[in-house]
Amino acid sequence: MTAIELAAIASAAVPGLNVTAFGPGPDDAADFCSALLVDSEKRRWRVRSPRHAEASTRLETEREVLRAFSPAIRAELPFLLPTVAGTVRQGELITFVYSHIVGKAESVEYLAGGTDALAKEIGVAIAAIHDLPQGLVTTHDLPSYTANEFRQRKLNELDQSATTGKIPPSLLRRWEHAMEDVALWRFNPCVVHGDLHEDNILLDRDQVTAVMGWTELRIGDPADDFAWLVAVHEPRFVDAVMQAYAAARHETPDPHLLRRAALSAEFALAQWLVKGYAADSARMVEDAESMLRTLETDIAEFGGQAISVEPPAAQPFVESKPTAEAKAATEVKPVTAAQPAAPKTSTAAKPVDVAQPGTAALGADAPAAAAPAAVPSSGSKEPGTKTDTKTGKGVLKEGAADTAEGGNAAPTTADTTSAETTALNVVPLKREK
(Lines give C-alpha, C1' and ligand atoms only; values in the text may rest on other atoms or scores of the structure.)
Protein backbone atom coordinates (compact mmCIF):
# COMPACT_ATOMS: atom_id res chain seq x y z
CA MET A 1 0.00 0.00 0.00
CA THR A 2 1.44 3.38 -0.99
CA ALA A 3 1.86 6.45 1.21
CA ILE A 4 -0.87 8.31 -0.68
CA GLU A 5 -3.33 5.47 -0.08
CA LEU A 6 -2.46 5.46 3.60
CA ALA A 7 -3.00 9.23 3.67
CA ALA A 8 -6.51 8.71 2.29
CA ILE A 9 -7.23 6.04 4.90
CA ALA A 10 -6.01 8.34 7.67
CA SER A 11 -8.37 11.06 6.45
CA ALA A 12 -11.25 8.61 6.90
CA ALA A 13 -10.00 7.51 10.34
CA VAL A 14 -9.61 10.98 11.85
CA PRO A 15 -12.53 13.37 11.20
CA GLY A 16 -11.38 16.73 9.86
CA LEU A 17 -7.88 15.53 9.00
CA ASN A 18 -6.73 17.34 5.85
CA VAL A 19 -3.46 15.77 4.69
CA THR A 20 -1.11 18.16 2.89
CA ALA A 21 2.12 16.14 2.93
CA PHE A 22 2.90 12.46 3.19
CA GLY A 23 5.70 9.97 2.83
CA PRO A 24 6.69 6.40 3.67
CA GLY A 25 7.50 5.70 7.29
CA PRO A 26 10.00 3.28 8.83
CA ASP A 27 8.44 0.00 9.95
CA ASP A 28 8.63 -3.78 9.78
CA ALA A 29 7.94 -4.26 6.07
CA ALA A 30 6.98 -7.91 6.56
CA ASP A 31 4.02 -6.97 8.73
CA PHE A 32 3.05 -3.33 8.17
CA CYS A 33 2.66 -0.56 5.62
CA SER A 34 3.43 2.77 7.26
CA ALA A 35 3.36 6.45 6.36
CA LEU A 36 4.13 9.80 7.96
CA LEU A 37 1.66 12.62 7.38
CA VAL A 38 1.40 16.39 7.83
CA ASP A 39 -1.98 18.11 7.93
CA SER A 40 -3.06 21.65 7.01
CA GLU A 41 -2.32 22.83 10.55
CA LYS A 42 1.26 21.49 10.36
CA ARG A 43 0.49 18.67 12.80
CA ARG A 44 2.19 15.34 12.18
CA TRP A 45 0.65 11.88 12.23
CA ARG A 46 1.67 8.28 11.71
CA VAL A 47 -0.49 5.64 10.04
CA ARG A 48 0.15 1.88 10.26
CA SER A 49 -1.73 -0.61 8.12
CA PRO A 50 -1.26 -4.35 8.81
CA ARG A 51 -0.45 -6.66 5.91
CA HIS A 52 -2.10 -9.72 7.44
CA ALA A 53 -4.42 -10.80 10.26
CA GLU A 54 -1.67 -11.58 12.77
CA ALA A 55 -0.16 -8.09 12.39
CA SER A 56 -3.62 -6.55 12.77
CA THR A 57 -4.11 -8.50 15.98
CA ARG A 58 -0.82 -7.17 17.29
CA LEU A 59 -1.94 -3.58 16.66
CA GLU A 60 -5.24 -4.25 18.42
CA THR A 61 -3.28 -5.73 21.32
CA GLU A 62 -1.10 -2.62 21.42
CA ARG A 63 -4.22 -0.43 21.54
CA GLU A 64 -5.46 -2.38 24.55
CA VAL A 65 -2.01 -2.19 26.15
CA LEU A 66 -1.88 1.58 25.70
CA ARG A 67 -5.35 1.89 27.22
CA ALA A 68 -4.08 -0.02 30.25
CA PHE A 69 -1.54 2.70 30.99
CA SER A 70 -3.52 4.84 33.40
CA PRO A 71 -2.76 8.58 33.68
CA ALA A 72 -1.00 7.83 36.98
CA ILE A 73 1.30 5.25 35.39
CA ARG A 74 2.00 7.48 32.38
CA ALA A 75 2.92 10.34 34.69
CA GLU A 76 5.57 8.18 36.38
CA LEU A 77 7.30 7.21 33.12
CA PRO A 78 10.31 9.29 31.98
CA PHE A 79 9.05 9.20 28.37
CA LEU A 80 5.80 9.53 26.40
CA LEU A 81 3.67 6.74 24.94
CA PRO A 82 1.90 6.78 21.54
CA THR A 83 -1.77 7.73 21.42
CA VAL A 84 -4.26 6.21 18.95
CA ALA A 85 -6.13 9.05 17.21
CA GLY A 86 -8.37 6.93 14.98
CA THR A 87 -8.88 3.58 13.28
CA VAL A 88 -10.39 2.24 10.07
CA ARG A 89 -11.52 -1.34 9.49
CA GLN A 90 -10.87 -2.92 6.08
CA GLY A 91 -12.40 -6.38 6.17
CA GLU A 92 -10.55 -8.31 8.88
CA LEU A 93 -7.74 -5.75 9.14
CA ILE A 94 -7.68 -2.50 11.11
CA THR A 95 -5.49 0.48 10.19
CA PHE A 96 -4.35 2.75 13.04
CA VAL A 97 -3.53 6.45 13.04
CA TYR A 98 -1.33 7.85 15.83
CA SER A 99 -0.87 11.44 16.93
CA HIS A 100 2.51 13.11 16.76
CA ILE A 101 5.26 12.78 19.37
CA VAL A 102 8.31 15.03 19.17
CA GLY A 103 11.52 13.19 18.47
CA LYS A 104 13.04 10.81 15.96
CA ALA A 105 14.81 7.47 15.94
CA GLU A 106 18.54 7.30 15.33
CA SER A 107 20.89 4.60 14.14
CA VAL A 108 22.91 2.34 16.40
CA GLU A 109 26.05 4.09 15.16
CA TYR A 110 24.62 7.45 16.23
CA LEU A 111 23.80 6.11 19.67
CA ALA A 112 27.23 4.54 20.06
CA GLY A 113 28.83 7.94 19.51
CA GLY A 114 26.41 9.63 21.90
CA THR A 115 27.09 11.34 25.19
CA ASP A 116 26.99 9.82 28.65
CA ALA A 117 23.79 11.82 29.21
CA LEU A 118 22.13 10.00 26.29
CA ALA A 119 23.32 6.61 27.57
CA LYS A 120 21.90 7.43 30.99
CA GLU A 121 18.53 8.41 29.45
CA ILE A 122 18.30 5.07 27.65
CA GLY A 123 19.26 3.05 30.72
CA VAL A 124 16.72 4.88 32.89
CA ALA A 125 13.99 4.41 30.24
CA ILE A 126 14.55 0.64 30.08
CA ALA A 127 14.58 0.43 33.89
CA ALA A 128 11.24 2.26 34.00
CA ILE A 129 9.71 -0.33 31.65
CA HIS A 130 11.04 -3.26 33.68
CA ASP A 131 9.71 -1.74 36.91
CA LEU A 132 6.16 -1.36 35.58
CA PRO A 133 3.55 -3.18 37.71
CA GLN A 134 3.07 -6.74 36.47
CA GLY A 135 -0.69 -6.37 36.80
CA LEU A 136 -0.50 -4.21 33.67
CA VAL A 137 0.22 -7.45 31.79
CA THR A 138 -1.66 -10.10 33.74
CA THR A 139 -4.99 -8.26 33.90
CA HIS A 140 -5.05 -8.00 30.10
CA ASP A 141 -4.24 -11.67 29.40
CA LEU A 142 -0.90 -10.87 27.81
CA PRO A 143 1.90 -13.49 27.79
CA SER A 144 3.55 -14.18 31.13
CA TYR A 145 6.44 -16.60 31.71
CA THR A 146 8.47 -17.79 34.66
CA ALA A 147 12.22 -18.07 34.09
CA ASN A 148 12.00 -21.83 33.48
CA GLU A 149 8.95 -21.50 31.22
CA PHE A 150 10.79 -18.91 29.17
CA ARG A 151 13.86 -21.16 28.84
CA GLN A 152 11.69 -24.12 27.76
CA ARG A 153 9.97 -21.91 25.20
CA LYS A 154 13.35 -21.08 23.69
CA LEU A 155 14.26 -24.77 23.53
CA ASN A 156 10.99 -25.49 21.69
CA GLU A 157 11.76 -22.72 19.21
CA LEU A 158 15.23 -24.20 18.71
CA ASP A 159 13.63 -27.55 17.81
CA GLN A 160 11.35 -25.78 15.34
CA SER A 161 14.19 -23.89 13.68
CA ALA A 162 16.25 -27.11 13.39
CA THR A 163 13.51 -28.66 11.23
CA THR A 164 14.35 -26.19 8.46
CA GLY A 165 17.74 -27.83 7.97
CA LYS A 166 19.22 -24.42 7.20
CA ILE A 167 20.91 -23.53 10.50
CA PRO A 168 24.63 -24.36 10.77
CA PRO A 169 25.20 -27.25 13.22
CA SER A 170 27.78 -25.26 15.17
CA LEU A 171 25.16 -22.60 15.95
CA LEU A 172 22.61 -25.24 16.95
CA ARG A 173 25.12 -26.76 19.38
CA ARG A 174 26.06 -23.33 20.73
CA TRP A 175 22.44 -22.28 21.34
CA GLU A 176 21.35 -25.64 22.75
CA HIS A 177 24.16 -25.60 25.29
CA ALA A 178 23.26 -22.08 26.41
CA MET A 179 19.55 -22.92 26.70
CA GLU A 180 20.27 -26.05 28.72
CA ASP A 181 22.66 -24.17 31.03
CA VAL A 182 20.24 -23.75 33.95
CA ALA A 183 22.54 -21.32 35.79
CA LEU A 184 22.17 -18.86 32.92
CA TRP A 185 18.39 -18.64 33.39
CA ARG A 186 18.16 -17.65 37.04
CA PHE A 187 16.46 -14.29 36.73
CA ASN A 188 13.41 -12.56 38.13
CA PRO A 189 10.80 -12.10 35.38
CA CYS A 190 9.54 -8.56 34.89
CA VAL A 191 7.48 -6.49 32.47
CA VAL A 192 9.34 -6.49 29.13
CA HIS A 193 8.75 -4.27 26.10
CA GLY A 194 9.61 -7.22 23.83
CA ASP A 195 10.39 -5.26 20.66
CA LEU A 196 12.86 -2.69 21.93
CA HIS A 197 15.47 -1.45 19.49
CA GLU A 198 16.80 1.83 18.16
CA ASP A 199 13.83 2.38 15.81
CA ASN A 200 11.38 2.34 18.74
CA ILE A 201 13.31 4.86 20.86
CA LEU A 202 12.59 8.49 19.92
CA LEU A 203 15.16 11.11 20.79
CA ASP A 204 15.31 14.88 20.99
CA ARG A 205 19.04 15.51 21.20
CA ASP A 206 20.16 13.71 24.38
CA GLN A 207 16.66 13.11 25.72
CA VAL A 208 14.47 10.02 25.23
CA THR A 209 11.09 11.55 24.37
CA ALA A 210 9.06 8.41 23.65
CA VAL A 211 9.12 4.62 23.39
CA MET A 212 7.04 3.12 20.59
CA GLY A 213 6.05 -0.33 19.29
CA TRP A 214 4.17 -1.84 22.25
CA THR A 215 2.88 -4.93 20.41
CA GLU A 216 5.00 -7.51 22.29
CA LEU A 217 4.49 -6.45 25.91
CA ARG A 218 4.84 -9.43 28.28
CA ILE A 219 6.29 -10.67 31.53
CA GLY A 220 9.54 -12.44 30.75
CA ASP A 221 13.29 -12.08 30.48
CA PRO A 222 14.58 -8.49 30.87
CA ALA A 223 17.59 -9.48 28.73
CA ASP A 224 15.41 -9.43 25.60
CA ASP A 225 15.20 -5.63 25.82
CA PHE A 226 18.99 -5.41 25.63
CA ALA A 227 19.54 -7.63 22.57
CA TRP A 228 19.77 -4.58 20.29
CA LEU A 229 22.72 -3.27 22.33
CA VAL A 230 24.81 -6.20 21.05
CA ALA A 231 25.14 -4.26 17.79
CA VAL A 232 26.69 -1.30 19.64
CA HIS A 233 30.41 -2.06 19.53
CA GLU A 234 31.29 0.82 21.81
CA PRO A 235 32.12 -0.42 25.33
CA ARG A 236 31.94 3.05 26.90
CA PHE A 237 28.38 3.63 25.72
CA VAL A 238 27.07 0.17 26.62
CA ASP A 239 28.71 0.32 30.04
CA ALA A 240 27.09 3.72 30.70
CA VAL A 241 23.66 2.35 29.69
CA MET A 242 24.03 -0.67 31.95
CA GLN A 243 25.23 1.34 34.94
CA ALA A 244 22.32 3.79 34.60
CA TYR A 245 19.91 0.86 34.26
CA ALA A 246 21.24 -0.90 37.36
CA ALA A 247 21.10 2.31 39.39
CA ALA A 248 17.50 3.05 38.36
CA ARG A 249 16.04 -0.45 38.81
CA HIS A 250 14.07 -1.26 41.94
CA GLU A 251 15.99 -4.57 42.16
CA THR A 252 19.53 -5.61 41.30
CA PRO A 253 19.88 -7.02 37.74
CA ASP A 254 21.05 -10.62 37.52
CA PRO A 255 24.74 -11.13 36.61
CA HIS A 256 24.01 -13.08 33.38
CA LEU A 257 21.72 -10.50 31.77
CA LEU A 258 24.16 -9.52 29.00
CA ARG A 259 24.93 -13.17 28.18
CA ARG A 260 21.24 -13.85 27.53
CA ALA A 261 20.96 -10.58 25.59
CA ALA A 262 23.71 -11.80 23.25
CA LEU A 263 21.96 -15.16 22.89
CA SER A 264 18.68 -13.37 22.12
CA ALA A 265 20.37 -11.31 19.41
CA GLU A 266 21.91 -14.38 17.77
CA PHE A 267 18.80 -16.55 18.04
CA ALA A 268 16.68 -13.81 16.43
CA LEU A 269 18.21 -14.92 13.10
CA ALA A 270 16.79 -18.43 13.53
CA GLN A 271 13.42 -16.95 14.44
CA TRP A 272 13.52 -14.82 11.29
CA LEU A 273 14.32 -17.90 9.20
CA VAL A 274 11.30 -19.77 10.59
CA LYS A 275 9.12 -16.72 9.98
CA GLY A 276 10.36 -16.57 6.39
CA TYR A 277 9.29 -20.15 5.74
CA ALA A 278 5.93 -19.54 7.41
CA ALA A 279 5.39 -16.51 5.12
CA ASP A 280 6.67 -18.44 2.08
CA SER A 281 9.08 -15.54 1.46
CA ALA A 282 12.24 -16.35 -0.47
CA ARG A 283 13.66 -12.95 0.40
CA MET A 284 13.30 -13.46 4.15
CA VAL A 285 14.73 -16.99 3.97
CA GLU A 286 17.68 -15.86 1.85
CA ASP A 287 18.50 -12.96 4.15
CA ALA A 288 18.26 -15.15 7.25
CA GLU A 289 20.54 -17.81 5.74
CA SER A 290 23.08 -15.17 4.75
CA MET A 291 23.17 -13.64 8.23
CA LEU A 292 23.41 -17.07 9.85
CA ARG A 293 26.43 -17.93 7.67
CA THR A 294 28.06 -14.60 8.59
CA LEU A 295 27.47 -15.26 12.28
CA GLU A 296 28.90 -18.78 11.99
CA THR A 297 32.02 -17.46 10.25
CA ASP A 298 32.58 -14.68 12.77
CA ILE A 299 32.25 -17.03 15.74
CA ALA A 300 34.60 -19.57 14.13
CA GLU A 301 37.19 -16.88 13.39
CA PHE A 302 36.96 -14.69 16.49
CA GLY A 303 35.45 -16.97 19.16
CA GLY A 304 32.26 -15.00 19.64
CA GLN A 305 30.47 -13.68 22.68
CA ALA A 306 30.44 -15.98 25.72
CA ILE A 307 26.76 -16.82 26.14
CA SER A 308 27.02 -19.85 28.47
CA VAL A 309 28.12 -19.94 32.08
CA GLU A 310 29.63 -23.42 31.67
CA PRO A 311 31.89 -24.18 28.67
CA PRO A 312 30.24 -26.46 26.09
CA ALA A 313 31.20 -30.12 25.91
CA ALA A 314 32.76 -31.30 22.66
CA GLN A 315 29.90 -33.38 21.32
CA PRO A 316 27.71 -33.27 18.22
CA PHE A 317 24.37 -31.52 18.31
CA VAL A 318 21.55 -33.99 18.95
CA GLU A 319 18.30 -32.72 17.61
CA SER A 320 15.42 -33.38 19.97
CA LYS A 321 12.21 -34.63 18.45
CA PRO A 322 9.75 -31.80 17.85
CA THR A 323 6.10 -32.40 18.55
CA ALA A 324 3.62 -32.96 15.75
CA GLU A 325 2.28 -29.49 16.40
CA ALA A 326 5.76 -27.97 16.11
CA LYS A 327 6.38 -29.87 12.86
CA ALA A 328 3.15 -28.59 11.39
CA ALA A 329 3.95 -25.03 12.43
CA THR A 330 7.38 -25.03 10.81
CA GLU A 331 7.01 -27.37 7.87
CA VAL A 332 9.48 -26.24 5.25
CA LYS A 333 7.66 -25.26 2.11
CA PRO A 334 9.29 -24.79 -1.27
CA VAL A 335 9.77 -21.09 -1.91
CA THR A 336 9.14 -20.12 -5.48
CA ALA A 337 9.02 -16.36 -5.57
CA ALA A 338 10.63 -13.50 -3.71
CA GLN A 339 8.34 -11.48 -1.47
CA PRO A 340 8.63 -7.76 -0.84
CA ALA A 341 9.09 -8.31 2.87
CA ALA A 342 12.65 -8.20 4.16
CA PRO A 343 14.22 -8.13 7.62
CA LYS A 344 15.58 -4.98 9.11
CA THR A 345 19.19 -5.96 8.63
CA SER A 346 22.46 -4.50 9.69
CA THR A 347 25.96 -5.62 8.94
CA ALA A 348 27.19 -8.14 11.48
CA ALA A 349 30.18 -6.41 12.96
CA LYS A 350 33.11 -8.62 13.84
CA PRO A 351 33.66 -8.92 17.57
CA VAL A 352 36.44 -6.98 19.15
CA ASP A 353 38.63 -8.38 21.86
CA VAL A 354 37.72 -5.94 24.61
CA ALA A 355 36.34 -6.23 28.09
CA GLN A 356 32.57 -6.56 28.08
CA PRO A 357 30.81 -3.36 29.14
CA GLY A 358 28.46 -3.40 32.06
CA THR A 359 30.68 -5.37 34.43
CA ALA A 360 30.71 -2.58 36.96
CA ALA A 361 26.93 -2.57 37.07
CA LEU A 362 26.20 -6.25 36.72
CA GLY A 363 28.94 -8.09 38.57
CA ALA A 364 32.03 -10.05 37.71
CA ASP A 365 30.30 -12.71 35.65
CA ALA A 366 29.30 -10.38 32.82
CA PRO A 367 30.46 -11.48 29.33
CA ALA A 368 34.03 -10.87 28.36
CA ALA A 369 33.77 -9.92 24.68
CA ALA A 370 31.40 -8.19 22.33
CA ALA A 371 29.10 -10.51 20.40
CA PRO A 372 29.16 -10.82 16.60
CA ALA A 373 25.39 -11.03 16.23
CA ALA A 374 23.39 -9.46 13.45
CA VAL A 375 20.72 -7.27 15.00
CA PRO A 376 17.76 -5.70 13.19
CA SER A 377 18.24 -2.09 12.14
CA SER A 378 17.10 0.05 9.25
CA GLY A 379 18.31 1.82 6.19
CA SER A 380 19.42 5.31 5.29
CA LYS A 381 17.67 8.56 6.13
CA GLU A 382 17.06 11.58 3.98
CA PRO A 383 15.19 14.23 6.00
CA GLY A 384 13.13 16.94 4.45
CA THR A 385 10.00 17.64 2.42
CA LYS A 386 9.48 18.04 -1.29
CA THR A 387 6.55 19.28 -3.33
CA ASP A 388 4.69 16.99 -5.73
CA THR A 389 4.84 18.63 -9.16
CA LYS A 390 1.58 17.05 -10.32
CA THR A 391 -0.63 17.66 -7.27
CA GLY A 392 1.00 20.68 -5.66
CA LYS A 393 0.90 18.88 -2.31
CA GLY A 394 3.96 18.35 -0.18
CA VAL A 395 5.44 14.87 -0.08
CA LEU A 396 7.48 13.92 2.95
CA LYS A 397 10.79 12.32 2.15
CA GLU A 398 11.46 9.20 4.11
CA GLY A 399 13.09 9.69 7.50
CA ALA A 400 11.95 13.29 7.89
CA ALA A 401 13.22 14.72 11.15
CA ASP A 402 10.82 15.24 14.05
CA THR A 403 8.30 12.71 12.77
CA ALA A 404 5.77 10.75 14.77
CA GLU A 405 8.11 7.82 15.06
CA GLY A 406 11.06 9.21 13.12
CA GLY A 407 13.90 7.02 12.08
CA ASN A 408 15.45 5.15 9.24
CA ALA A 409 13.00 4.73 6.44
CA ALA A 410 13.73 2.43 3.52
CA PRO A 411 13.74 4.61 0.38
CA THR A 412 10.52 4.35 -1.56
CA THR A 413 8.59 6.65 -3.86
CA ALA A 414 5.14 7.88 -2.92
CA ASP A 415 2.36 7.54 -5.48
CA THR A 416 1.32 11.07 -6.48
CA THR A 417 -1.01 10.52 -9.41
CA SER A 418 -4.12 11.86 -7.67
CA ALA A 419 -4.89 15.55 -7.25
CA GLU A 420 -6.49 15.03 -3.83
CA THR A 421 -5.44 12.41 -1.27
CA THR A 422 -8.89 12.32 0.27
CA ALA A 423 -10.64 11.62 -3.03
CA LEU A 424 -8.86 8.38 -3.87
CA ASN A 425 -10.89 5.30 -4.68
CA VAL A 426 -8.92 2.94 -2.47
CA VAL A 427 -11.04 0.33 -0.68
CA PRO A 428 -14.33 0.43 1.24
CA LEU A 429 -13.57 2.04 4.58
CA LYS A 430 -15.47 1.95 7.86
CA ARG A 431 -14.27 4.12 10.71
CA GLU A 432 -14.11 2.27 14.01
CA LYS A 433 -16.39 3.68 16.68
Side-chain angles (χ1 to χ4, degrees), residues 10 13-14 17 25-28 32 34-39 41-48 58-87 96-107 110-111 114-115 117-133 136-137 140 142 190-218 225 228 241 244-245 248-249 378 383 396 399-409:
V14 181
L17 176 61
D27 216 322
D28 183 350
F32 304 102
S34 186
L36 305 173
L37 315 174
V38 175
D39 66 14
E41 298 180 16
K42 305 301 181 184
R43 295 175 299 183
R44 293 177 180 266
W45 309 79
R46 184 185 186 214
V47 54
R48 301 184 81 190
R58 284 168 54 194
L59 290 184
E60 293 181 70
T61 298
E62 181 184 46
R63 175 172 58 177
E64 296 306 313
V65 168
L66 293 175
R67 286 175 174 173
F69 282 88
S70 66
I73 293 178
R74 287 176 179 253
E76 292 294 323
L77 292 172
F79 50 80
L80 297 176
L81 299 174
T83 300
V84 177
T87 60
F96 286 74
V97 180
Y98 301 85
S99 55
H100 168 62
I101 296 178
V102 173
K104 72 171 188 174
E106 296 288 358
S107 67
Y110 177 92
L111 298 179
T115 64
L118 174 59
K120 181 178 179 180
E121 281 273 311
I122 294 174
V124 168
I126 299 174
I129 295 171
H130 293 176
D131 284 332
L132 283 168
L136 191 71
V137 172
H140 288 79
L142 297 172
C190 64
V191 175
V192 177
H193 180 279
D195 191 27
L196 195 65
H197 50 77
E198 66 275 14
D199 289 345
N200 279 334
I201 301 174
L202 302 193
L203 305 176
D204 183 10
R205 298 183 180 179
D206 287 344
Q207 180 182 3
V208 174
T209 59
V211 175
M212 315 296 282
W214 295 85
T215 61
E216 302 292 336
L217 191 72
R218 59 179 178 263
D225 283 346
W228 65 280
V241 170
Y245 170 79
R249 277 299 310 269
S378 21
L396 284 180
D402 197 30
T403 62
E405 192 165 318
N408 313 333

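Predicted, not measured: the structure shown is a model, and the values here were computed from it.
- Shortest non-hydrogen contact noted between Ala244 and Ala119 is CB-O, 4.4 Å.
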Between Leu81 and Arg74, does the side chain to side chain contact (heavy atoms under 4.5 Å, CB included) criterion hold? Intermediate values first, please. CA-CA 8 Å; Leu81 299 174; Arg74 287 176 179 253; 3.5 Å; yes
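- A 4.5 Å side-chain heavy-atom check between Phe79 and Leu202 finds every atom pair outside the cut-off.
- Contact annotation: the side chain of Pro78 never approaches that of Val208 to less than 4.5 Å [non-hydrogen atoms, C-beta and beyond].
- Annotation: side chain of Ile201 is in contact with side chain of Trp228 (closest heavy-atom distance under 4.5 Å).
- Put simply, the side chain of Asp195 never gets that close to the backbone of Glu216: no donor and acceptor are under 3.5 Å apart.
- Annotation for Val211 and Trp214: closest pair O-NE1, 2.7 Å, computed over non-hydrogen atoms.
- Val97 and Ala13 make their closest contact through CG2-CB, 3.8 Å (heavy atoms, listed as atom of the first residue, atom of the second, distance).
- Using a 4.5 Å heavy-atom cutoff, the side chains of Leu132 and Leu77 are in contact.
- The nearest pair of heavy atoms linking Leu37 to Ala10 is CD1-CB, 3.4 Å.
- For the atom pair NE2 of His130 and OH of Tyr245, the computed distance is 5.0 Å after rounding to the nearest 0.5 Å.
- In this structure the side chain of Thr61 never reaches within 4.5 angstrom of the side chain of Thr215, judged on heavy atoms.
- Between His100 and Leu36, the closest side-chain pair of non-hydrogen atoms is not below 4.5 Å.
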Leu80 vs Thr209, side chain to side chain contact (heavy atoms under 4.5 Å, CB included): CA-CA, chis, key distance, verdict: CA-CA 6 Å; Leu80 297 176; Thr209 59; 5.7 Å; no
Show, in sequence, the C-alpha distance, side-chain angles and deciding distance for Arg46 and Ser34, and conclude whether the side chain to side chain contact (heavy atoms under 4.5 Å, CB included) test is met. CA-CA 7 Å; Arg46 184 185 186 214; Ser34 186; 3.3 Å; yes
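- For the pair Glu121 (side chain) and Gln207 (backbone), a donor-acceptor distance under 3.5 Å is absent.
- Summarising the local packing, CD of Glu76 is surrounded by 12 or fewer heavy atoms from other residues, nucleotides or ligands at distances under 6.0 Å.
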Check the pair Leu118 / Leu111 against side chain to side chain contact (heavy atoms under 4.5 Å, CB included), numbers first and verdict last. CA-CA 8 Å; Leu118 174 59; Leu111 298 179; 3.9 Å; yes
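- A donor-acceptor pair under 3.5 Å links the side-chain atoms of Asp225 to the main chain of Gly194, judged by distance alone.
- Considering only heavy atoms from C-beta on, Pro133 comes within 4.5 Å of Ile73 through its side chain.
- Atom OG1 in Thr83 sits 6.0 Å away from atom CD1 in Ile101 (nearest 0.5 Å).
- Here the shortest heavy-atom pairing between Arg205 and Tyr110 reads O-OH, 4.5 Å.
- Taken from CG in Leu217 to CG in Leu66, the straight-line distance is 9.5 Å, to the nearest 0.5 Å.
- At a threshold of 4.5 Å between non-hydrogen side-chain atoms, the residues Met212 and Tyr98 do not count as touching.
- Judged by distance alone, the side chain of His193 and the main-chain N or O of Gly213 form a donor-acceptor pair under 3.5 Å.
- Counting only distance, with no hydrogens or angles, the side chain of His140 and the backbone of Leu142 share no donor-acceptor pair below 3.5 Å.
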